[in-house]
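Heads up, the thing below is written out as structure tokens.
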Amino acid sequence: MSRFEPREIEPKWQAAWDTAGTFTATRDAAKPKYYVLEMFPYPSGRIHMGHVRNYTMGDVVARYKSSCGFSVLHPMGWDAFGMPAENAAMEKGTHPGDWTYKNIDDMRAQMKPLGLSIDWSREFATCDPEYYGQQQAMFIDMMDKGLVYRKNATVNWDPVDMTVLANEQVIDGCGWRSGAPVERRDLTQWFFKISDFSEELLDALDGLDNWPDKVKLMQRNWIGKSRGLQFAFSTIDAPDGHDRIEVYTTRPDTLMGASFVGISPDHPLAKHLEAHNPDIAAFTAECRKGGTTEEAIETAEKLGMDTGIRVRHPFDTAWELPVYIANFILMDYGTGAIFGCPAHDQRDFEFASKYKLPITPVFEPAEGADPLTEAYVPLKTEKVRYVRSFAGDEIQTGEDGVNTAIDFCESNGIGHGVTKFRLRDWGLSRQRYWGCPIPVIHCETCGVVPEAKENLPVELPKDVTFDKPGNPLDRHPTWRNCACPTCGADAQRETDTMDTFVDSSWYYARFTAPRATTPTVAEDADYWMNVDQYIGGIEHAILHLLYSRFFARAMHLTGHLPKKAIEPFDALFTQGMVTHEIYLTRDESNRPVYHLPEEVEDGKVKATGEPVQVIPSAKMSKSKKNVVDPVNIINAYGADTARWFVLSDSPPERDVEWTASGAEAAYKHLGRVWRMAGDIASQTGNGEGDDELLRAMHKAIHDVTMGIESFGFNTSVAKLYALANAIQKSKAGADTRRQAMLVMAQLMSPMTPHLSEEIWSLLGGEGLIADAPWPKADAAMLVEDTVTLPIQINGKRRSEISVPKDMPKEEVEKLALAHDAVVKALNGGAPKKLIVVPGRIINVVI
RNA sequence: GCGGGCGUGAUGGAAUGGUAGACAUACCAGACUUAAAAUCUGUUGGGGCGUAGCCCCGUGUGGGUUCGAGUCCCACCGCCCGCACCA
């Protein structure tokens, strides 16, 4: 018997699948369909272990569903627009398109040896004009439906490079290349009206039964529906046109604890004041330093400046409150102005403490709370006694208090109750080259008009330079010039391109008809949509998934998707990352020097013998050099080993740490299975314990199937280890062992398809294992005749008894009470309580 | 800062509120071998005792609910993800 040689087996079976067209997805009215999709990759040029894990999981589902009789669609494409291509262009002088397509070729070549059951005939890249042209057509349709508009929005501005920076390019408030402190600047930008769908996107989450609760919860909080009071403070000594400051609050019940009014540095009043007051201008300029992310704003030191303006409290016109400009107030949420109640809001508390503003409690503090060191913030459901309530000193829950306050204010003519959402419209403009051009034309007479559909795609010009920062489309000599599609006069193209999230918000629909000359084709979309199982990283829990949900709705409104597809992903699974230890040594100046895993052996750098410091498990990243290249693993052990390893041990939703010993172990196990199959192939004759082995086999069918169905691939793998052990130990006859081995090969086939095909053909299975129907467990073989029940005394396990499976509860109780350990513990007395959970446990309470 | 998640032996992990540690890794011991590798077999949460057995402790920390908690609730600690221009 020769050795287990994946390098011989794997290409052979991949060729066999190709020849047979095993994975070509076809519309088949006679079969139920199943659409499994993994989040498509960005073509960085190298696949990494995270890809291997993601696509292997999808492949397990795809192959399993195919065996179960579904017509499966399992496609692959490339999320190909984005900044890295432009960065490469700047650094290496290559064109972003050339760089991207080269990377795609490289990655496809790295991916194919994995033996994924992908229908490669449907492959596309989002930077293909055939794809983004259809996206432009949809953009125009969305304009027609009023889902697109322009408005000013704030961007990160690098004052040295004179360019817009992505959040990622802002490091500690400074531009990543220039190092200059970033400023916030307003630009006119394109927006999708996702906020029209706030309520709908929120409510529809309830119907997504096969999405993780955590993702739905994150989306709910992101959409952020709230009920509150909007009202105005009247100002004293404020400039003309600012005699009122509109405020939105979700806690109007704390209005009697107001101690100041805060406005955003971008509030119209602040902007008016800074134009006339150099001190205020200096302060707001200070506030505008740093990046635009909410994180940067919220974690910055809380700064405030008294404007000198005062407002009157709505319930007591003699009560005056100061108006502060504060850097933590967002212009994007509510009205850009708040009232501060330091006694019951921690952030207001810290602000009031810093600027020596009064702290006035509205309700009695909680037991043990110290109002001098922190705010008392009751839960919505918590009952509180109001001591300074305008609506009566009552005990009620916080939520009731809010509603009472809104009612009271409305009936007294102070504002009105409103519902607000935190969700903002989707700004899709990017001042960059390598993206889908926004198909719009600026005409002096007609204004901003969409490009005519017959002129699509608006293709990116190839002749561009990246020798200076900024958008090359802006400085291209001719591309911008065009004729107005409405009046024919000379006009100019929009040079903003689309956010790459737009590209990834509808690719799932495009896979159903990837070569069509319309965005989708009705009958294909009808047949294949929705995606039955979507798999990807938890980092996409909010933005990508929310945008896709919005886009599917927009596509339905514009006639590109059926109604049923407005929630495009029926089931979602979020998988964890692949991590690895980090190895580092220090150079002469004590700076860290990172080492690749293959350069390290026994805690020492192979080349120098220098001992390494080991930092436990971290996300694989190039800069930390803790990456394992799947290509090396496949070359050394084969694809089946890599696939088996990433499915073993760790639950799919959790991070998995790559270890060399784990990969070695996976390889050894597959070799063992292969040898067992070889042994069985040459065996004949009868043995003993056939029934026992068959029971183990049926139990494995049941357990492995359950594991796959519930995304418990690690437990399926464990059950397959158990079955391998059972077959190995069994003395059963040759036919039975062969039968068990064939079933094991089938159960393993979604995970290790090449080895499974090899065993299948070796033991005389019919056709390809990929085409064989999934085995069914015989229910009769799963039932045990007797069960062992643990006996607990006062909740602690003390003994156990074996009873027939169907023994009535009363008889089990009798047996339990007669049991030695129980009799001894009772010491002649009677138990306080006797709990018998049939088939589970007995608990005697004394 | 805000939102979400996770935490179990030396290690990865298993466990519809019901025998904690399945299955693996590592270690140790044995078989085979001149030897090593490979392979096969077995042991292994910690502590204790009168050691065929029995007892105590044990799922990040501290409380709570329950006949019974790794699992549910509250607080805390640590780590991870997201925060709207990274993909």
Side-chain angles (χ1 to χ4, degrees), chain A residues 3 39 41-42 44 79 81-84 153 155-156 164-170 189 194 212-215 217-222 224 291-300 302 328 332 346-347 350 422-432 499-501 503-504 537-544 546-547 574 576-577 579 616-619 648-651 653-657 659 661-662 664-666 668-669 671-672 675 712 714-715 717-722 725 728 788-792 794-800 831-835 837 839-846:
Chain A
R3 283 168 50 85
M39 290 178 186
Y42 177 79
S44 62
D79 187 13
F81 276 134
M83 288 198 308
V155 294
N156 302 304
V164 177
L165 297 177
N167 287 334
E168 190 190 49
Q169 297 170 319
V170 178
Q189 311 241 64
I194 189 172
D213 288 338
K214 62 180 171 187
V215 173
L217 188 53
M218 280 189 265
Q219 293 220 350
R220 260 180 213 115
N221 291 337
W222 186 263
T292 57
T293 70
E294 196 168 313
E295 184 189 6
I297 293 165
E298 295 273 355
T299 52
K302 308 281 173 283
F328 58 86
D332 285 320
Q346 189 59 26
R347 195 175 57 181
E350 282 157 24
R422 203 184 77 99
L423 180 65
R424 308 202 295 259
D425 278 333
W426 175 5
L428 66 115
S429 286
R430 297 294 180 269
Q431 293 71 41
R432 270 189 271 283
D499 179 5
T500 58
F501 271 124
D503 314 335
S504 57
I538 186 68
E539 68 272 21
H540 294 294
I542 296 174
L543 290 179
H544 163 60
L546 192 61
Y547 290 153
T574 55
M577 294 179 302
T579 62
S617 198
K619 183 176 183 168
S648 306
D649 292 346
S650 280
E653 68 276 13
R654 235 193 276 178
D655 292 349
V656 62
E657 174 161 346
T659 59
S661 61
E664 184 72 28
K668 281 184 185 175
H669 177 71
R672 178 167 76 122
R675 279 192 306 280
N714 56 323
T715 57
V717 166
K719 302 294 181 184
L720 284 164
Y721 271 108
N725 292 342
Q728 183 143 18
T788 304
L789 294 181
I791 299 179
Q792 292 185 338
N794 288 337
K796 284 181 192 279
R797 184 182 176 281
R798 283 295 178 264
S799 191
E800 61 182 34
K832 267 193 205 150
K833 207 167 180 179
L834 180 60
I835 291 137
V837 184
R840 278 285 176 202
I841 206 164
I842 299 162
N843 191 9
V844 186
V845 185
I846 294 170

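Chain letters run A, B, ... following the sequence lines, proteins first and then strands; every chain starts at 1.
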Stepwise side-chain contact (heavy atoms from CB on, under 4.5 Å) check, A:Lys832 with A:Asn794: CA-CA 10 Å; A:Lys832 267 193 205 150; A:Asn794 288 337; over 6 Å; no

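Considering only residues two or more places apart in sequence or on other chains, A:Ala153 meets the side-chain contact (heavy atoms from CB on, under 4.5 Å) condition with A:Gln189, A:Phe191. Legend: residues meeting side-chain contact (heavy atoms from CB on, under 4.5 Å) with A:Val170, ordered by chain and number and at least two apart, are A:Asn156, A:Leu165, A:Val182. The side chain to side chain donor-acceptor pair (under 3.5 Å) test applied to A:Glu350 returns A:Gln346, not counting sequence neighbours. Contacts of A:Arg430 classified as side-chain contact (heavy atoms from CB on, under 4.5 Å), with partners at least two apart in sequence or in another chain: A:Arg432, A:Thr497, A:Asp499. Listed by chain and residue number, A:His544 satisfy the ring pair (Phe, Tyr, Trp, His ring centres under 6.0 Å) test with A:His540 (two or more places apart in sequence, or in another chain). Evaluation of the side-chain contact (heavy atoms from CB on, under 4.5 Å) rule for A:Pro831 yields A:Leu817, A:Leu826, A:Val844 as partners, not counting sequence neighbours. Residues meeting the salt bridge (charged side-chain N to carboxylate O under 4.0 Å, His left out) test with A:Glu653, sequence neighbours left out: none.
Across B:G9 and B:G58, the matching C1' atoms stand 10 Å from one another, rounded to whole Å. Of the C1' atoms belonging to B:G68 and B:C28, the separation is 37 Å, rounded to the nearest Å. Between B:U65 and B:U11, the distance separating the two P atoms is 33 Å to the nearest Å. B:C73 and B:G18: their P atoms are spaced 15 Å apart (whole Å). Rounded to a whole angstrom, the distance from the C1' atom of B:G4 to that of B:U43 is 43 Å. Using atom C1' as the reference point in both B:C23 and B:G13, the two lie 8 Å apart (nearest Å). With P as the reference atom, B:C40 and B:A26 are 13 Å apart, rounded to whole Å. A gap of 31 Å separates the C1' atoms of B:C49 and B:A15, to the nearest Å.
The nearest whole Å value for the distance from the CD1 atom in A:Ile842 to the P atom in B:G17 is 21 Å. A straight line from CG of A:Leu217 to P of B:G4 spans 5 Å, rounded to a whole angstrom. Residue A:Asn843 contributes atom CG, which lies 13 Å from atom P of B:G18 at whole-angstrom precision. In this structure, A:Ile297 places its CD1 atom 17 Å from P of B:G3, rounding to the nearest Å. Nucleotide B:U25 holds its P atom 10 Å from the NE2 atom of A:His669, rounded to whole Å. Put simply, CG on A:Leu546 is 16 Å from P on B:G82, counting in whole angstrom units. A:Asn725 has its CG atom 12 Å from the C1' atom of B:U41, to the nearest Å.
Scanning both residues, A:Trp426 and A:Ile194, for their nearest heavy atoms gives N-CG2, 3.7 Å.
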Please write out the pairs of protein N or O atoms and N or O atoms of nucleotides 83-85 of chain B separated by less than 3.5 Å, giving the distance to one decimal.
unit_1	atom_1	unit_2	atom_2	d
B:C83	N4	A:Glu295	OE1	3.2
B:C83	N4	A:Glu295	OE2	3.1
B:A84	OP2	A:Glu294	N	3.1
B:A84	O2'	A:Arg424	NH2	3.4
B:A84	N6	A:Arg422	O	3.0
B:A84	N1	A:Arg424	N	2.8
B:C85	OP2	A:Arg430	NH2	2.9
B:C85	O4'	A:Arg430	NE	3.1
B:C85	O4'	A:Arg430	NH2	3.1
B:C85	O3'	A:Asn167	N	3.3
B:C85	O2'	A:Asn167	N	2.6
B:C85	O2'	A:Asn167	OD1	3.4
B:C85	O2	A:Arg432	NH2	2.6
B:C85	N4	A:Gln189	OE1	3.4
B:C85	N4	A:Gln189	NE2	3.1
B:C85	N4	A:Ser429	O	3.4
B:C85	N4	A:Gln431	OE1	3.0

Restricting to nitrogen or oxygen on both sides, can you table the protein-nucleotides 53-60 of chain B pairs closer than 3.5 Å?
unit_1	atom_1	unit_2	atom_2	d
B:C56	OP1	A:Arg798	NH2	3.2

Kindly give the atom pairs (protein nitrogen or oxygen, nucleotide nitrogen or oxygen) under 3.5 Å for nucleotides 36-38 of chain B.
none

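Each of A:Gln346 and A:Tyr721 was matched to the nucleotide of RNA chain B holding its nearest heavy atom; the match closer to the 5' end belongs to A:Gln346. Both A:Leu789 and A:Gly795 lie near RNA chain B, and the one whose nearest nucleotide falls closer to the 5' end is A:Leu789.
RNA chain B contains the following stems of three or more consecutive Watson-Crick or G-U pairs, with both distances under 3.5 Å: B:1-7 with B:77-83, B:10-12 with B:23-25, B:28-31 with B:39-42, B:45-49 with B:53-57, B:60-64 with B:72-76.
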Sequence-aligned protein contact record of nucleotides 7-15 of chain B, with B where the base is within under 4.0 Å of a protein heavy atom and S where only the sugar-phosphate is: S----BSS-

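Taking 90° from 0 as the syn/anti boundary, the base of B:G53 is oriented anti.
Ring geometry for A:Tyr721 against A:His669 counts as tilted: the plane angle lies between 30° and 60°, on a 0 to 90° scale.
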